[in-house]
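Quantities reported herein were computed from a predicted structural model and do not represent experimental measurements. Read the numbers this way: they start at 1 and go in the same order the structure lists the ligands and their atoms.
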Amino acid sequence: MSSAVVQHEKHPAFIVQTEEPFNGNPPLDFLCQEFVTSTDLFFSRNHGNIPLIDPAHYRLSVSGMVRTPLVLTLDELRERFPRVELMATLQCAGNRRDELIEVAPIPGELPWGAGAISNAVWSGVRLRDVLIAAGIERRARHAAFVGLDDVTRLGKTFGFGGSIPVEKAFLPETLLAYEMNGHPLTPVHGHPLRVIVPGYIGARSVKWLREIRLQTEPSDNYFQQRAYKLFPPHVRPETVRWEEGIMLGENTLNAVISYPAAGDELPAGETTVLGYSIGDGHNVVQTVELSIDGGKTWQTADFLTGRQDVWTWVLWQAQIRLTPGTVEIIARAKDSAGNSQPRDAQDIWNFKGYANNAWHRVSVQVHE
Ligand SMILES: Nc1nc2c(c(=O)[nH]1)N[C@H]1C(S)=C(S)[C@@H](COP(=O)(O)O)O[C@H]1N2
Ligand SMILES: [Mo]
């Protein structure tokens with residue numbers, strides 16, 4: 001067994017995209033078999049090393065625009081604040097980048113398929129309870145997080161970081177989590193403590209959390225100021241003015257077909273199509289629809305999961321009738337506010353390859 005497998009505690013079917021830094025995802029068909037993703041299949045996105053932290057020596061600092069700066073041990077965090085549990089789906093902003101790369105190259109970024117998403121039950125304390133204990137000042141507008149990992153960018157080495165507006169930091173769903181699916185976090189998922197920001201891109205859920213700083217401006221970290229920013233399609237790396245990008249925060253409505261896969265050969269007749277859909281963090285997914293005639297007519301999929309809220313995905317299935325030839329299956333979702341998804345990836349292409357939520361299209365070969 002390789003040391004990577006031991007260290008990262010992943011399932012044999014887990015697809016490792018890169019070993020260093022460690023990045024990988026479950027195969028799509030495994031992913032959509034479980035409403036709550038097993039920890040050993042949960043996707044992982046890392047920009048630097050995986051720090052191994054002794055929980056006994058771990059300290060969290062809360063500083064900046066607070067009346068009482070805090071330095072907390074893990075035990076203090078557990079004892080001083082109520083334990084809460086919440087299910088939330090994390091999605092990397094780079095999920096489905098491979099389809100944007102088909103439109104035009106995106107050098108230097110991971111070519112994620114649609115597996116950079118997973119759903120887990122997180123336990124920990126509410127960020128708001130910790131912030132109330134620190135007594136935040138009225139002029140604080142953002143909560144900035146820094147991790148204990150080492151990431152090197154532009155010739156400097158620093159901890160991965162990012163921030164969220166204080167309004168989101170004070171909402172009850174925003175957690176400092178020490179457990180995932182009923183067990184202490186594993187090293188790749190941020191042991192011993194990480195932020196969980198439900199409804200936001202995965203990048204704001206900072207792992208191996210070292211510090212929370214309250215400030216007037218968003219984080220000055222590379223991953224807030226350069227990466228995880230959205231630019232219009234005409235902007236290129238050579239012409240980019242970084243300050244003009246939009247900092248990504250909330251998720252976008254998305255729907256993905258997990259079965260069949262592109263290029264699959266299927267017999268004519270009835271086929272069950274499977275997939276997932278996730279909302280924008282404000283509205284629940286209302287319907288998922290499928291088309292096999294280029295979007296002229298649509299049929300509605302059934303949700304497989306009884307439970308549905310704004311922080312979690314839905315799994316769905318639909319029976320479609322396939323006739324021989326090449327068939328493009330298209331999926332799209334609508335949410336409870338009437339929002340829908342963009343039709344084509346080329347309309348939302350951006351040079352960093354983020355937030356692809358175009359209609360998902362899967363072409364299969366159907367034989368007699
Ligand atoms: N400290 C730290 N936190 C981090 C990252 C990182 O590289 N370092 N990656 C972020 C990104 S981009 C994503 S999508 C999620 C992935 O979380 P996971 O590995 O538990 O799936 O963690 C976020 N938190
Ligand atoms: Mo991410």
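Close contacts of ligand 1 with Trp208, meaning ligand atoms under 4.0 Å from a residue heavy atom, involve 1 (N), 2 (C), 8 (N). In summary, the atoms of ligand 1 found under 4.0 Å from a heavy atom of Cys92, numbered by their order in the structure, are 14 (S). Those atoms of ligand 1 that come under 4.0 Å of a heavy atom in Tyr228, given as number and element, are 12 (S). Applying the 4.0 Å criterion to heavy atoms of Ser205 picks out, from ligand 1, the atoms 22 (O), 23 (C), 24 (N).
Under the 4.0 Å criterion applied to side-chain N and carboxylate O atoms, Arg67 and Glu137 are not assigned as salt-bridge partners. Using a 4.0 Å cut-off between a side-chain N of Lys or Arg and a carboxylate O of Asp or Glu, Glu109 and Lys352 qualify as a salt bridge.
Of the heavy atoms in Arg194, only side-chain atoms (C-beta onward) come closer than 4.0 Å to ligand 1. The side chain of Phe42, and not its backbone, has at least one atom closer than 4.0 Å to an atom of ligand 1 (non-hydrogen atoms only; side chain from C-beta on).
Protein heavy atom in closest approach to atom 9 (N) of ligand 1: Arg45 O, 3.2 Å. Shortest contact from atom 15 (C) of ligand 1 to any protein heavy atom: Gly202 O, 3.5 Å. Here the protein heavy atom with the shortest distance to atom 11 (C) of ligand 1 is Ala203 CA, 3.6 Å. Distance from atom 21 (O) of ligand 1 to its nearest protein heavy atom, with residue and atom name: Phe43 O, 2.6 Å.
Residue Phe160 has no nitrogen or oxygen atom sitting less than 3.5 Å from a nitrogen or oxygen atom of ligand 1, judged on distance alone. Considering backbone and side-chain N/O atoms, Asp149 comes within less than 3.5 Å of an N/O atom of ligand 1. Not a single N or O atom of Asn46, backbone or side chain, sits closer than 3.5 Å to an N or O atom of ligand 1.
In this structure, the side chains of Arg332 and Arg361 stay at 4.5 Å or more apart for every pair of heavy atoms. Counting heavy atoms from C-beta outward, Thr39 and His183 have side chains that stay 4.5 Å or more apart.
When Lys229, His142, Arg204 are each tested for a side chain to side chain donor-acceptor pair (under 3.5 Å) with Gln224, only one passes: Arg204.
Taking the centre of each ring, Tyr178 and Trp208 stay at or above the 6.0 Å mark. The distance between the ring centers of Trp316 and Phe303 does not fall below 6.0 angstrom.
In this structure, OG on Ser61 lies 9.0 Å from CG on Leu72, to the nearest 0.5 angstrom.
Checking Arg210, Lys207, Met180, His47 against atom 1 (N) of ligand 1, the nearest heavy atom belongs to Lys207.
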For this session: Report the C-alpha separation of Tyr222 and His47 in whole Å, then their side-chain angles, then the decisive distance to 0.1 Å, and conclude whether the ring-ring contact (aromatic ring centres under 6.0 Å, His included) test is met.
Result: CA-CA 11 Å; Tyr222 177 92; His47 297 76; 8.8 Å; no

